[in-house]
Protein chains: 2
Amino acid sequence: MSTRSKTASTQQEGENVENRGDYDPSSPTFRLENSPFYLMAHADFKYHEDMDKVLHKHGVSKPIYRVMTVLREHQPASIGTIAEAALTKRSTISRIIDRMIEQGLVSTESNPEDNRITEVTLTAAGQQTLRKLTPIVGRQFTRAMAGINNRDIAHLLRTLKKISDNLGKLPIE
Amino acid sequence: MSTRSKTASTQQEGENVENRGDYDPSSPTFRLENSPFYLMAHADFKYHEDMDKVLHKHGVSKPIYRVMTVLREHQPASIGTIAEAALTKRSTISRIIDRMIEQGLVSTESNPEDNRITEVTLTAAGQQTLRKLTPIVGRQFTRAMAGINNRDIAHLLRTLKKISDNLGKLPIE
DNA sequence: ATTAGCCGAATACATGTGTATTTGCACTGA
DNA sequence: TCAGTGCAAATACACATGTATTCGGCTAAT
């Protein structure tokens, strides 16, 4: 049975600020299981939890994988750029890059036009590793999205982007 | 302009497994900005980033707040139950509870029916703090959801729950 | 040309989390 | 009754992250 019978009947869908009912964490009828942000965290957690186990067998941690996916799109990239896209502090990325260099996944060189900037690039081995990992991640994605059609995914993306926009701009565009 | 013109035209919305186009991280046309999980992480990050600053002024960290929201629904709760609901390891929760005791936010007592279990309860001060924080969090939620109507939120929840279900059951139901 | 200020990255330090282990309690079967 | 097994929580240890600071290079004003 629905837990929002009362609120739903007193409010039509409109553009104005509405009673958010169970969704709003400040509502008395709020439940964690109906919280968008809790569910996002939960889905994200489960997605990465399973994936981490597999990735670790290939010597790749979650933060390292994140950096690699950023580099795949945007190469070379500075430490700062990577940090912004990977939602992590610069100092942390700096050290993650150190580890990745030790593993031979990336190489660095200072930007010739500005020696303060460290440009990071995937090595051939790094690209090779990423190619090996891609189908594994693809399977996990397919598993996560089973029974959800592309229209619903598109809807999900629109809503998530809207939320991100509301909270500030996306670091990478 | 749309980046999915090709794939969109060759595939109708259907129940069968489809070409996931830009959404699937193993697709050649994949882009991070169209990745559901990246966008979830991003939205969640922004949401908590802003909120943390405010919460810290009240002596409450993000993990502590998480524990409090779990306790609000489910009180008393064991360390293990809290850990599961808060997506955190038991050992970590155990130490978070220590800090919360020092701050007078919760009290503990061992379960009379099973002395291994530590039951955690919000103190009056803890409930007071939670009440004080609630409207702050409510405002952040409203800000995040601006321009998104309740039907879209309901749709979002359905999709997120479906994803969580696909990846394993929700710890709390 | 010099210097002050800014900015990107790297490092020192403190803290928080996870993994592995230990401790204490409960249940089961001999 | 009591040894053995299993579980919840707490603790020791290792490691990763964040904050604050330092180092070095760029830029603009004088």
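Please read all numbers here as calculations on a predicted model, not as lab measurements. Proteins get letters first, then strands, A, B, ... in listed order; numbering begins at 1 in each. Side chains are part of it too, since the values below use all heavy atoms of this structure and drop only hydrogens, waters and symmetry mates.
Across the protein-nucleic acid pair, B:I82 atom CD1 and C:dT17 atom P stand 14 Å apart, rounded to whole Å. As a whole-Å value, the separation of B:K89 NZ from D:dC15 C1' is 16 Å. In this structure, CE of A:M100 is placed 17 Å from C1' of C:dA9, rounded to the nearest angstrom. Separating the CG atom of B:D98 from the P atom of C:dT17 is a distance of 12 Å, rounded to the nearest angstrom. When the P atom of C:dT17 is taken as reference, atom CD1 of B:I79 falls 14 Å away, rounded to whole Å. Here C:dC7 presents its P atom at 12 Å from CG of A:D114, a figure rounded to the nearest Å. Rounded to an integer number of Å, the gap from NZ of A:K62 to P of D:dC15 is 19 Å. Separating the CD1 atom of A:I97 from the P atom of C:dA10 is a distance of 9 Å, rounded to the nearest angstrom.
Contact annotation: side chain of A:S91 to base of D:dT19, donor-acceptor pair present below 3.5 Å. A donor-acceptor contact under 3.5 Å is formed by the side chain of A:R116 with the base of C:dC7. Between the side chain of A:R95 and the base of D:dG18, at least one donor-acceptor pair of N or O atoms lies under 3.5 Å.
Nucleic acid contact class of A:T88 (heavy atoms, under 4.0 Å, all strands): sugar-phosphate only. Using a 4.0 Å heavy-atom criterion, one finds that B:S110 contacts no nucleic acid atom at all. B:S78 comes within contact range of the sugar-phosphate backbone alone, with a heavy-atom separation under 4.0 Å but no base atom that close.
With respect to B:E49 and B:K46, a salt bridge is recorded, a charged nitrogen being found less than 4.0 Å from a carboxylate O. Salt bridge B:D50/B:R143: present, at least one basic N to carboxylate O contact under 4.0 Å.
Of the listed nucleotides (C:dA9, D:dC26, D:dG18), D:dC26 has the atom at the smallest distance from the side chain of A:N115. Considering only the side chain of A:S94, C:dA10 comes nearest among D:dA8, D:dT17, C:dA10. The side chain of A:R99 sits closest to D:dA16 out of D:dA16, C:dA9, D:dA9.
Listed here is the closest heavy atom pair of B:L157 and A:S35: CD2-C, 4.1 Å.
Between B:H48 and A:F37, the two ring planes are perpendicular [angle over 60°; tilted spans 30° to 60°].
Between A:N111 and B:G80, the residue whose closest nucleotide on DNA chain D is further toward the 5' end is B:G80. Nearest-nucleotide assignment on DNA chain C puts the 5′-proximal partner with A:T118, out of B:T92 and A:T118.
Contact check for B:K162 versus A:D152: no side-chain heavy atoms found under the 4.5 Å cut-off.
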